[in-house]
Structure formats: structure tokens, C-alpha cells
Amino acid sequence: MNERNLVICDREIRYANALGENISTREDLAVRVYVCSNLEKVTELAEEKPIHLFVVDEGYTYEERKRVKANQVFVLARGRVEDL
């Protein structure tokens with residue numbers, strides 16, 4: 001199985017690091033995990049390597065999230081989600 005790049009972007013960096021560590025320990029997932037605290041760092045990373053999976057804090061607007069080139073985007077939502 002080919003390894004894919006998973007990027008987590010959350011302003012709550014402790015949460016993002018914990019999530020990244022948890023995912024990294026899973027042997028059944030062939031992903032390399034990167035954790036960023038802001039979209040600027042994600043954009044820089046995207047220039048260096050493809051982002052296959054992008055997990056992003058709901059605090060970023062749809063327009064901001066859309067600027068990141070990723071194959072799949074997952075939004076971390078807190079509470080009830082009406083429309084993302």
C-alpha cells in the first residue's frame with residue numbers, strides 16, 4: 001500500500017498533536033501525519049508534497065479551506081453541524 005500524506009490543521013495545537021500521534025500509531029493506516037496550527041503552514045507544505053487527506057478546524061471558513069489543494073477534506077466540528 002502506498003503511503004499517503006495526512007495534514008491536520010487546528011488552532012488547538014495540543015488537540016491536533018494528540019490526534020496526529022493517535023493516527024500515527026495505527027499500523028493499519030499507511031499515512032504520514034503532519035500537524036499545523038495555521039493554514040499558511042499547510043499551504044507551504046502543499047507546495048512541497050501532495051496532501052491526500054486534510055483534516056481542518058471548523059473555525060476556518062469554507063473559502064479558506066478551499067484554497068488548500070487536497071484530495072479529501074474533513075472538517076473537525078464541535079457540537080452540532082448545520083452547514084459547512
Side-chain angles (χ1 to χ4, degrees):
M1 186 184 300
N2 292 335
E3 186 173 76
R4 300 185 307 165
N5 297 318
L6 180 144
V7 177
I8 301 169
C9 180
D10 195 320
R11 292 178 179 119
E12 293 183 36
I13 197 66
R14 289 180 61 200
Y15 173 80
N17 282 327
L19 178 60
E21 281 184 42
N22 184 287
I23 293 170
S24 293
T25 62
R26 299 274 313 261
E27 292 181 12
D28 58 327
L29 300 175
V31 295
R32 175 162 285 165
V33 178
Y34 300 89
V35 176
C36 301
S37 61
N38 60 60
L39 287 179
E40 290 77 26
K41 293 192 185 295
V42 175
T43 303
E44 291 172 14
L45 184 63
E47 292 175 7
E48 298 173 19
K49 53 190 80 209
I51 298 176
H52 300 98
L53 304 165
F54 180 42
V55 179
V56 62
D57 177 3
E58 72 176 347
Y60 292 103
T61 66
Y62 173 76
E63 290 75 24
E64 290 173 315
R65 296 189 307 253
K66 191 169 68 169
R67 284 187 234 139
V68 175
K69 294 179 183 174
N71 292 0
Q72 292 183 298
V73 178
F74 299 91
V75 179
L76 291 171
R78 293 171 184 83
R80 185 177 174 170
V81 177
E82 294 293 327
D83 182 26
L84 295 175

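Everything quoted here is computed from the prediction, not taken from an experiment.
- Inter-residue side-chain proximity for Val73 and Val56 is flagged as met; some heavy-atom pair is nearer than 4.5 Å.
- Remark: Ile13 CD1 to Cys36 SG distance equals 7.5 Å, nearest 0.5 Å.
- When every heavy atom of Arg65 is checked against every heavy atom of Glu58, the shortest pair comes out as NH1-O, 3.9 Å.
- At distances below 3.5 Å, not a single donor-acceptor pair connects side-chain atoms of Glu48 with backbone N or O atoms of Leu45.
- Taken to the nearest 0.5 Å, the CG atom of Leu39 stands 9.0 Å off from the CG atom of Asp57.
- Counting heavy atoms from C-beta on, the side chains of Leu53 and Phe74 come closer than 4.5 Å.
- With rounding to the nearest 0.5 Å, the separation of CZ in Arg11 from CG in Leu76 is 12.0 Å.
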Let's go through Glu64 and Tyr62 carefully: what are the C-alpha distance in whole Å and the side-chain angles of both, what is the deciding distance for side chain to side chain contact (heavy atoms under 4.5 Å, CB included) to 0.1 Å, and is it a yes or a no?
CA-CA 5 Å; Glu64 290 173 315; Tyr62 173 76; over 6 Å; no
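- Distance check, rounded to the nearest 0.5 Å: CG of Leu19 to CD of Glu12 gives 12.0 Å.
- The distance from atom CD of Glu47 to atom NZ of Lys69, rounded to the nearest 0.5 Å, is 9.0 Å.
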Apply side chain to side chain contact (heavy atoms under 4.5 Å, CB included) to residues Ile51 and Val42 and explain how you reach the verdict.
CA-CA 9 Å; Ile51 298 176; Val42 175; 3.8 Å; yes
Under the criterion side chain to side chain contact (heavy atoms under 4.5 Å, CB included), I'd like the reasoning laid out for Val33 against Val35: C-alpha separation, chi angles, the key distance, then a yes or no.
CA-CA 7 Å; Val33 178; Val35 176; 4.3 Å; yes
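- Put simply, the side chain of Asn5 gets close to the backbone of Pro50: a donor and an acceptor are under 3.5 Å apart.
- A cation-pi contact, defined as under 6.0 Å to the ring centre and within 45° of the axis, is absent between Arg67 and Tyr60.
- Taken to the nearest 0.5 Å, the OG atom of Ser37 stands 12.5 Å off from the CD1 atom of Ile8.
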